[in-house]
Amino acid sequence: MVFGSNLLHCYSRRLNMISGFDYVKSNGLKKVLALIVDGIPTDLSAIFSETAKIEAITKEHPLGLEIMRHTTAHIMAQAIKELYPSAKIAIGPVIEDGFYYDISCEHRFTPDDFPAIEKKMREIIKADYKITREIVSKDDAIEFFRGKNELFKVELIQDLNVTEVSLYHHEDKFTDLCRGPHLPKTGMASTHFEIMKTAGAYWRGDSNREMLQRLYATSWFSKEELDNYITLLEEAEKRDHRKIGREMDLFHLQEEASGSVFWHPRGWTLYRTLRNYVRKRLAKDGYVEVCTPQMVDKVLWEQSGHWEKFRQNMFISESEEKTLAIKPMNCPCHIQIFKQGTKSYRDLPLRMAEFGCCHRNEPSGSLYGTMRVRSFVQDDAHIFCMPEQINSETKKFCNLLSKIYRDLGFEKFSVKFSDRPEKRVGSDEIWDLAEDLLQKAVREVGLEYTINKGEGAFYGPKLEFVLKDKLNRDWQCGTFQVDFNLPERLGAWYTGEDGEKHHPIMLHRAVLGSLERFIGILLEHYAGKLPMWLAPVQIVVATITNDYDDYGKRFYDALIESGIRSEFDVRAEKISYKIRNHSVEKVPVMAIIGENEKSNNTITLRKMDGSQENLAFDNAIDLLRKICKEPL
RNA sequence: GCCGAAAUAGCUCAGAUGGUAGAGCGGCUGAUUCGUAAUCAGUAGGUCGGAGGUUCGAUUCCUCUUUUCGGCACCA
C-alpha cells in the first residue's frame, strides 16, 4: 500500500508504516533517487507498510535516468515560466535519450534563447528546492491550474478518469501536474544536460489543434555520457545518406522533381545490383516476375477501394474522357494478371513479383532524402494461395527474409505481429484462422516477436520486420500481410479440389520495402563503405607513375573481362593523392601498380583501411572475382 | 499539410547600417613522374532560389512563392 501524502506521517508508527526517507536512512543507503514499493515506482517521501517489498532506485537502476530526466523536464518548465511568465505549459515527458516540454508562448523560441534557459535551470538545480508530492481532488486541481491560467493542464485533468490527481511542487516556485515519481530535490538533477532544438508539435498530437513549441533536451548523469551522446549524433550526421550520396556521386534531388530521385551512374549501379540480387533470391524461391501498367483507369481503383481510402495520396491524370491514376501500389494490377484465364488449386501458391515504380503524393513535410519519396520501387510481391498454405508460405517468406537481411549485413532484426484492428472486414472465424496460422508459422520458424495489438491491416493480420543498424537505430522494412479482401473485391477466383470456385488468399509481402529507402539505410548503416559486391566502383587501378600505365592497363582489362566494376587512374598525380581521392569516394579496393609490381608480375591490392597484400597477377584477379561475388 | 529556420560558385562556407560579392576544396591550363589519405603555379566559375514591391540604386529591407532542413501530423 502506498500513500503519497505526508499527512499520514503521524499515523505511521501506529500502523507500522515507514517513510521512504526513514527506510533509506535506517538501511544506510546512499544516493537513492526513488524507490520501487511492491513493484510500483514511488517517491522517497512516500509512506508504506514496513512489510512492503522495497527496491532502491539509484543512478545505476534503469529507472534512475528516466526519473532524473523527468524532474529535469520540470526544471526546464520552471525555468521557462520564470523567464517568460506568460508561457503556458502543456506536457513534458521523458523520451529516448532525453525529454521535451511542449509550451505555448508568444515568444518564439530560438537556439539563441537556450543559454539563458539553461542558465536558469542550473540556478534551480543549485537552489536545491525540495520537491513534494501532493494529492488533491480533481476539482481542486482544475481550480488551481485555472487560477494560474494553465489551461492545457486543466484540459488534461478534465480528461483523466480519476477522482484525485498528484501535483509536484518545487517549494512555492513551481507546480506541475504529474504522476511521478520525481527526485526529492532539484539539486539531485544532473547538470549534464543540454537543450537541443525547438520544433512545432500539435497539442495532443492532433493536427486540428494548436501548434505548440516543443523544446527538446538531453540529460545524463555524467559529462562522459553526455559527450558520448553528442558524439553519436555527430556520427549519425556524418553517415547521413544525403551527404554520402553526394560524396559518392550516387544521386541528387532537385526542386523541379521534389520527392523523386535522380540516380547517377554510380547510384544506379548500386540500385541495379541490389535489385538483381533480390531477383535471384526470389527466383530461387519460385517467384515469377511481371510488369504492369503505370497508369490505370480510376474504375479499377474504385473497385479496389483505393479511390475511397487512398485518393489524396494518388496522382491523377486525364486522357480524353477518362480519369487515370498513376499506381500507388501494384496489388490491383497483379490481380488482373491472376484473373486472366482460369486458375485451379494446382496453380497455387502463385508468387507474383514486380519491381514496379509506384507514385504516392506524400505530404511535402514528410519528404526526406531518398528515405521518404513520392516515386519509388518496392521489392513487392503477392502470393495467391489457399488458407491451408498460409503457414508454409509464411515460413518460406521468413526464411527468405532472414537470408536477405544477413546477406546485406543486418544481423539483428525484430518482428512485430499486428493483430485484428477494431475496424476490419471478414468474420471472426476467418480472423481466428489467419492470426492462428500466422502466429504458429512465425513460432515454427523460431522468430521471437512482440504483439502490436490492434495494429493489423483492415483486411488481415500482418508481420512487420524491423532492422537494427550499426548505430542501433530501428528501420521498419519487411512486411507480410494476409489479405482476404482484395481478391474478393476484384473478383479473383480459382477452382478448388472440390470443383467449387473460391477466392484465393493474397499475401502482400516485401523484404526491403522501397529500394530508394533501403539504399538510404544501407548507406547510413555502412557509412558509405559498402561491402565489395554492392560497391558501385569495386576497384580503382592506380599507377605510381605513367611508366607503369601499360602494365596497369593489362590488369584493368583483365578486371573488366571478369565483370569487376573497375576504373583506371593514370593521372600524373602522386599515389597518396590518388589514394585519398578514391578513399573519399569510398572505393573499397585499389590496385597499386609500380616498379615492384611490374618487374615481379604482381599486383598490390590495398583496402580502404590501409591493409594490403601483394599477389601474383592471376591470383589477384581470382581473389577479386571471389570477393566481388554477390552472396547467393 | 502545420510550426520554426534556411537558400550566396560544383561542394563547404564567409560577407556588406542598401552602392551589382569572397575563401578553401573541386574544375580547367601548365609544370611536376613521385610508393600508400591533399605537389606547385596560373585561370575560369555567381541573374546571391523565383516573382513582385519600397528605393536614385536591392543579393541585403518588405510581401508572396518554391525548395530544403529540424520537428509535428501522415505513412493505405
Side-chain angles (χ1 to χ4, degrees), chain A residues 95 100 102-105 108-112 196-216 237 240 242-243 246-247 249 252-259 301 304-314 328-329 331-332 358 360-369 371-374 376 421 423 456-459 462 476 479 481 483 485-486 508 513-514 517 542-549 570-587 590-597 604-612 614:
Chain A
I95 50 171
Y100 65 78
D102 283 351
I103 311 269
S104 170
C105 187
R108 296 284 129 195
F109 292 104
T110 70
D112 295 340
M196 306 298 287
K197 58 193 169 196
T198 63
Y202 296 111
W203 168 231
R204 308 200 109 178
D206 183 343
S207 56
N208 296 311
R209 305 200 62 181
E210 186 185 342
M211 171 83 47
L212 307 170
Q213 299 189 73
R214 177 171 296 177
L215 272 79
Y216 283 95
E237 205 179 309
D240 191 315
R242 293 165 296 191
K243 187 170 133 75
R246 201 184 311 112
E247 286 167 357
D249 192 17
H252 84 271
L253 295 141
Q254 70 182 51
E255 243 182 80
E256 292 81 355
S258 171
W301 304 112
S304 71
H306 287 87
W307 198 256
E308 189 199 343
K309 300 233 180 239
F310 205 65
R311 192 175 164 186
Q312 285 110 320
N313 288 292
M314 288 162 73
M329 300 175 206
C331 27
C358 294
R360 296 180 193 176
N361 199 354
E362 303 284 359
S364 56
S366 67
L367 302 178
Y368 170 61
M371 301 275 210
R372 185 88 181 262
V373 284
R374 286 180 172 150
F376 57 92
K423 282 173 82 179
F458 69 91
Y459 46 71
K462 63 179 175 185
Q476 189 179 311
T479 182
Q481 310 173 359
D483 179 5
N485 187 47
L486 218 49
H508 305 242
S514 120
R517 177 162 176 271
T543 49
I544 290 187
T545 77
N546 293 120
D547 293 342
Y548 311 105
D549 287 359
V570 290
R571 292 174 301 173
E573 298 288 355
K574 283 168 50 170
I575 196 65
S576 50
Y577 182 80
K578 294 185 183 182
I579 285 171
R580 179 183 156 77
N581 237 228
H582 300 116
S583 297
V584 168
E585 290 173 343
K586 312 277 197 299
V587 177
M590 287 184 70
I592 311 289
I593 291 178
E595 181 56 34
N596 290 342
E597 287 75 15
T604 296
L605 297 181
R606 181 195 192 276
K607 288 201 219 148
M608 220 196 302
D609 62 9
S611 66
Q612 60 183 26
N614 187 258

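Chain letters run A, B, ... following the sequence lines, proteins first and then strands; every chain starts at 1. These numbers come from the heavy atoms of this one structure, side chains and all, not from hydrogens, waters or symmetry mates.
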Handout entry: Crowding at CD, A/Q254 (>12 non-hydrogen neighbours, <6.0 Å)
Key = yes
Completion exercise
RNA chain B nearest-nucleotide lookup for A/K309 and A/I593: closer to the 5′ end is A/I593
Exercise for the section: Give A/S366 one of three labels, base, sugar-phosphate or nothing, depending on what nucleic acid heavy atoms sit under 4.0 Å from its own. Expected result: base
Problem - Stepwise side-chain contact (heavy atoms from CB on, under 4.5 Å) test for A/Q213 and A/T198 - result: CA-CA 7 Å; A/Q213 299 189 73; A/T198 63; 5.6 Å; no
Practice task
Could you go through the side-chain contact (heavy atoms from CB on, under 4.5 Å) check for A/Y202 and A/R209 one step at a time?
Solution key: CA-CA 6 Å; A/Y202 296 111; A/R209 305 200 62 181; 5.6 Å; no
Practice task
Indicate the atoms forming the closest heavy-atom contact of A/D102 with A/R214, along with that distance.
Solution key: OD1-NE, 2.7 Å
Problem - Residue-phosphate contact under 4.0 Å: A/Y216 side-chain N/O, B/C72 OP1/OP2 - result: yes
Problem - 5'-most by nearest nucleotide on RNA chain B - A/S207 or A/N596 - result: A/N596
Practice task
Whole angstrom is fine here: how far is it from CG in A/D206 over to P in B/C72?
Solution key: 15 Å
Problem - Whole-Å gap separating P (B/C3) and CZ (A/F109) - result: 18 Å
Practice task
Could you tell me which non-hydrogen atom of A/S514 sits nearest to which non-hydrogen atom of A/F376, and how far apart they are?
Solution key: CB-CD1, 3.7 Å
Handout entry: Distance, rounded to the nearest Å, where A/R108 contributes CZ and B/C2 contributes C1'
Key = 12 Å
Exercise for the section: Could you tell me whether the side chain of A/Q612 has a donor or acceptor atom within less than 3.5 Å of a complementary atom in the base of B/U36? Expected result: yes
Handout entry: Nearest-angstrom distance, C1' atom, B/G53 to B/U12
Key = 34 Å
Handout entry: Residue A/T604, side-chain atoms from C-beta onward, closest of B/G71, B/A37, B/G35
Key = B/G35
Handout entry: Where the chi angle of B/G35 falls, syn if within 90° of 0 and anti if not
Key = anti
Exercise for the section: Could you tell me whether A/E256 atom CD has more than 12 heavy atoms of other residues or ligands within 6.0 Å of it? Expected result: yes
Exercise for the section: Could you tell me whether A/G594 contacts a base, only the sugar-phosphate backbone, or nothing, with contacts defined as non-hydrogen atoms closer than 4.0 Å? Expected result: base
Practice task
Could you give the distance separating B/C62 and B/U54 at their C1' atoms, to the nearest angstrom?
Solution key: 7 Å
Completion exercise
A correct dot-bracket answer for RNA chain B, with pairs being Watson-Crick or G-U at under 3.5 Å, [ ] for crossing pairs and | for inter-strand pairs, is (((((((..((((.....[..)))).(((((.......))))).....(((((..]....))))))))))))....
Exercise for the section: Determine: side-chain N/O of A/R242 to OP1/OP2 of B/C69, distance under 4.0 Å, yes or no. Expected result: yes
Problem - A/M211, nearest nucleotide to its side chain (from B/U36, B/C3, B/U33) - result: B/C3
Handout entry: Atom-to-atom span, NZ of A/K243 to P of B/G70 - whole angstrom
Key = 14 Å
Handout entry: Any A/K197 side-chain nitrogen or oxygen under 4.0 Å from OP1 or OP2 of B/G71
Key = yes
Practice task
Name the nucleic acid region contacted by A/S583, choosing base, sugar-phosphate or nothing; use a 4.0 angstrom heavy-atom cut-off, strictly under.
Solution key: base
Handout entry: Spacing of A/E247 atom CD relative to B/A37 atom C1', expressed in whole Å
Key = 14 Å
Exercise for the section: Determine whether any donor atom in the side chain of A/N546 lies under 3.5 Å from an acceptor atom in the base of B/U33, or the reverse, and answer yes or no. Expected result: yes
Exercise for the section: Describe the nucleic acid contact of A/G513 in one word from base, sugar-phosphate, nothing, applying a heavy-atom distance below 4.0 Å. Expected result: nothing
Exercise for the section: Establish, with yes or no, whether the OP1 or OP2 oxygen of B/U12 is under 4.0 angstrom from a side-chain nitrogen or oxygen of A/R246. Expected result: yes
Practice task
Round to a whole Å and report the spacing from CD of A/Q312 to P of B/C75.
Solution key: 11 Å
Handout entry: d(CD1, A/I575; P, B/A38) in whole Å
Key = 12 Å
Exercise for the section: Check the pair A/E362 / A/L367 against side-chain contact (heavy atoms from CB on, under 4.5 Å), numbers first and verdict last. Expected result: CA-CA 7 Å; A/E362 303 284 359; A/L367 302 178; 4.2 Å; yes
Fill in the blank from the handout: Which of B/U32, B/U68, B/A38 is nearest the side chain of A/S258? It is B/U68
Exercise for the section: For B/G1 and B/A16, measure between their C1' atoms and round to the nearest Å. Expected result: 37 Å
Exercise for the section: Quick one: label A/M196 by what it contacts on the DNA or RNA (base, sugar-phosphate, nothing), any heavy atom closer than 4.0 Å. Expected result: nothing
Practice task
Measure from the side-chain N and O atoms of A/S583 to the backbone N and O of A/I579, and report whether any donor-acceptor pair falls under 3.5 Å.
Solution key: yes
Handout entry: Least distance between heavy atoms, A/I575 atom then A/A542 atom
Key = CD1-CB, 4.0 Å
Practice task
Taking atom P in both B/U47 and B/G10, compute the distance separating them and give it to the nearest angstrom.
Solution key: 8 Å
Problem - side-chain N/O A/T545 vs B/G35 OP1/OP2, d < 4.0 Å - result: no
Practice task
Just call it for A/M329: base, sugar-phosphate, or nothing, with non-hydrogen atoms closer than 4.0 Å on any strand.
Solution key: base
Exercise for the section: Confirm from the modelled atom types if A/R204 and B/C72 form a donor-acceptor pair under 3.5 Å, side chain to base only. Expected result: no
Practice task
Have a look at A/E595 and say if it touches a base, only the backbone sugar-phosphate, or nothing, with a 4.0 Å heavy-atom cut-off.
Solution key: base
Problem - Distance-only donor-acceptor test (3.5 Å): side chain A/E597, base B/G35 - result: yes
Exercise for the section: For A/E308 and A/G305, indicate whether the former's side chain and the latter's backbone hold a donor-acceptor pair under 3.5 Å. Expected result: no
Practice task
Indicate, with a heavy-atom threshold strictly under 4.0 Å, whether A/R372 touches base, sugar-phosphate, or nothing.
Solution key: base
Handout entry: Lys/Arg-Asp/Glu bridge criterion (N-O < 4.0 Å) met for A/D206, A/R204
Key = no
Exercise for the section: Mark yes or no for whether A/K309, through its side chain, and A/S304, through its backbone, hold a donor-acceptor pair below 3.5 Å. Expected result: no
Practice task
Please work out if A/R606 contacts a base, only the sugar-phosphate, or nothing of the nucleic acid, heavy-atom cut-off 4.0 Å.
Solution key: base
Completion exercise
Heavy-atom nearest pair, A/H306 first then A/P332, reads CE1-CG, 3.7 Å
Polar pairs (N or O, both sides) under 3.5 Å between protein and nucleotides 25-29 of chain B?
from	atom 1	to	atom 2	distance (Å)
B/G26	OP1	A/Y577	OH	3.3

Exercise for the section: Check every strand shown and say whether A/A199 touches a base, only sugar-phosphate, or nothing at a heavy-atom separation below 4.0 Å. Expected result: base
Practice task
Provide, to the nearest angstrom, the distance between the NE2 atom belonging to A/H252 and the C1' atom belonging to B/U67.
Solution key: 13 Å
Handout entry: Donor-acceptor pair under 3.5 Å, A/Y368 side chain vs B/G70 base
Key = no
